[in-house]
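Because only heavy atoms are used, hydrogens play no part in the values below, and waters and symmetry mates are left out as well, while side chains stay in. Just so it is clear, the model here is predicted, and its values are computed rather than measured. Per chain, numbering begins at 1; letters A, B, ... match sequence-line order.
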Protein chains: 2
Amino acid sequence: MLNTDVVNIEKAAAIFKLLGDRTRLTMMKILENNDCCVCEFVEIFQASQPSISQHLRKLRDIGLVEEERRGQWIFYSMNKENEFFPFVQQVLSQIPNQDDKLKQLEENGSRISCC
Amino acid sequence: MLNTDVVNIEKAAAIFKLLGDRTRLTMMKILENNDCCVCEFVEIFQASQPSISQHLRKLRDIGLVEEERRGQWIFYSMNKENEFFPFVQQVLSQIPNQDDKLKQLEENGSRISCC
DNA sequence: TTAGTATATAACTATTTACTTATATAATCA
DNA sequence: TGATTATATAAGTAAATAGTTATATACTAA
């Protein structure tokens, strides 16, 4: 239980605040294993595009994710260079995998709607 | 990194929401190693008594802490019987110890104000 | 039993948050 | 080029949150 990846408590609280939203927490779990574009999240969460973009913006502002444009789409991925990445990774490892949500998109063909 | 203490994502989000407040996160770190009464937290955080009580209430409602009356005082402690205790413990282990805040009280004599 | 201390809770207020609608930007494709 | 698609962002709104003040409850000690 000894841990060397000790992290500033103020920053930790800010990260937990972001992870304290079910949509964002699920996003982070999906991004653990997949790059995703905005429109996929829109499908997965059945939410509006601005709502999804705003969640992603918060995750990006604090450094947890990064974006990369690929043609028409912008893909989001975990920011593995972030100094808090090991902390976040350890936290997320305790939460069940959410890749089934992405699989469902693939199965009903929604994923190819963009990617 | 394999983890068997996998926890419902909805509940995990609710717990992170509570830990996403600096006061409550620090409280939880202190309670990791110490039982504490309300008046001590009032001193530590230089906050009002109702504000502290309301934070503790939220932590209790979700099952993270429990209370025990000892005479005039009510002591709070980690609820080790809670099904999410291993999860919370693992999460907290990544955050620096906050016992110095309690030590400061002892040093300037404030802790004995009640306990 | 009365006064004092510790705590909880209710009611109110200010701030923050998540979402909506509307619009702007940027890339693609006909 | 103009239309379409993907995304970001701004502005507004409703709900949630954290704090305040006021008051109630419970224990202790004189």
Side-chain angles (χ1 to χ4, degrees), chain A residues 9-10 13-28 30-31 34-62 64-77 105 109-115, chain B residues 10 13-28 30-31 35-62 64-77 105 109-115:
Chain A
I9 196 163
E10 184 72 58
I15 291 172
F16 288 142
K17 180 166 287 182
L18 291 190
L19 299 182
D21 176 276
R22 192 191 172 157
T23 300
R24 284 189 299 257
L25 184 57
T26 307
M27 281 175 165
M28 289 300 291
I30 292 173
L31 292 176
N34 315 272
D35 292 3
C36 259
C37 68
V38 176
C39 61
E40 286 177 303
F41 284 131
V42 168
E43 282 297 317
I44 289 172
F45 296 108
Q46 293 290 298
S48 72
Q49 175 266 313
S51 165
I52 295 298
S53 282
Q54 284 156 12
H55 282 305
L56 288 166
R57 177 73 138 88
K58 287 179 184 180
L59 293 173
R60 202 200 54 186
D61 281 351
I62 209 170
L64 296 188
V65 306
E66 54 190 2
E67 60 183 45
E68 181 202 358
R69 182 174 278 278
R70 295 186 204 162
Q72 209 168 352
W73 301 282
I74 296 179
F75 277 74
Y76 284 84
S77 57
L105 283 198
S110 303
R111 193 168 192 198
I112 50 160
S113 74
C114 69
C115 313
Chain B
E10 184 72 57
I15 290 172
F16 287 143
K17 180 166 286 181
L18 290 191
L19 298 183
D21 175 276
R22 193 192 171 158
T23 299
R24 285 190 299 258
L25 184 57
T26 307
M27 280 176 165
M28 290 299 292
I30 291 173
L31 292 174
D35 292 5
C36 258
C37 69
V38 177
C39 61
E40 287 178 302
F41 284 131
V42 168
E43 282 296 318
I44 288 170
F45 296 108
Q46 293 289 298
S48 73
Q49 175 267 314
S51 164
I52 295 298
S53 283
Q54 284 157 13
H55 281 305
L56 288 166
R57 177 75 138 87
K58 288 179 184 180
L59 293 173
R60 203 201 53 185
D61 281 351
I62 208 169
L64 296 188
V65 306
E66 55 190 3
E67 61 184 44
E68 182 201 358
R69 181 174 279 277
R70 294 185 205 163
Q72 209 168 353
W73 300 280
I74 296 178
F75 276 75
Y76 284 84
S77 57
L105 284 198
S110 303
R111 195 172 189 195
I112 50 161
S113 74
C114 70
C115 311

side-chain N/O B:S53 vs C:dT7 OP1/OP2, d < 4.0 Å: no

Contacts of B:Q49 that satisfy side-chain contact (heavy atoms from CB on, under 4.5 Å) - sequence neighbours left out: B:V38, B:V42, B:S53

Any N/O pairs under 3.5 Å between the protein and nucleotides 14-18 of chain D? List them or say none.
{"from": "D:dA18", "atom 1": "OP1", "to": "B:R24", "atom 2": "NH1", "distance (Å)": "3.4"}
{"from": "D:dA18", "atom 1": "OP1", "to": "B:R24", "atom 2": "NH2", "distance (Å)": "2.8"}
{"from": "D:dA18", "atom 1": "OP2", "to": "B:R24", "atom 2": "NH1", "distance (Å)": "3.3"}
{"from": "D:dA18", "atom 1": "OP2", "to": "B:K58", "atom 2": "NZ", "distance (Å)": "2.3"}

Sugar-phosphate, base or nothing in reach of B:F41, heavy atoms under 4.0 Å: nothing

Reported OG1-to-CZ distance for the pair A:T23 and A:F41, which is rounded to 0.5 angstrom: 10.5 Å

Residues forming a salt bridge (charged side-chain N to carboxylate O under 4.0 Å, His left out) with B:E68, sequence neighbours excluded: B:R70

Distance in angstrom units between A:R57 CZ and C:dT16 P, rounded: 17 Å

side-chain contact (heavy atoms from CB on, under 4.5 Å) involving A:R60 - partner list, sequence neighbours excluded: A:R57, A:V65, A:E67

Closest-nucleotide 5' rank along DNA chain C - winner of A:A47 and B:I52: B:I52

Residue pairs, two or more places apart or on separate chains, that pass salt bridge (Lys or Arg N to Asp or Glu O under 4.0 Å) and touch residues 14-27 of chain A: A:R22-B:E10

A:Y76 side chain near A:L59 side chain, heavy-atom distance below 4.5 Å: no

Nucleotides 23-28 of chain C: which of its N/O atoms have a protein N/O under 3.5 Å away?
none

Atom-to-atom span, CD of A:Q46 to P of C:dT20 - whole angstrom: 12 Å

Whole-Å distance separating the CD atom of B:E67 from the C1' atom of D:dT25: 13 Å

Residues in side-chain contact (heavy atoms from CB on, under 4.5 Å) contact with B:A14, at least two apart in sequence or another chain: B:I62

Listed once per pair and sorted, the salt bridge (Lys or Arg N to Asp or Glu O under 4.0 Å) pairs that draw on residues 44-55 of chain B, sequence neighbours left out: none

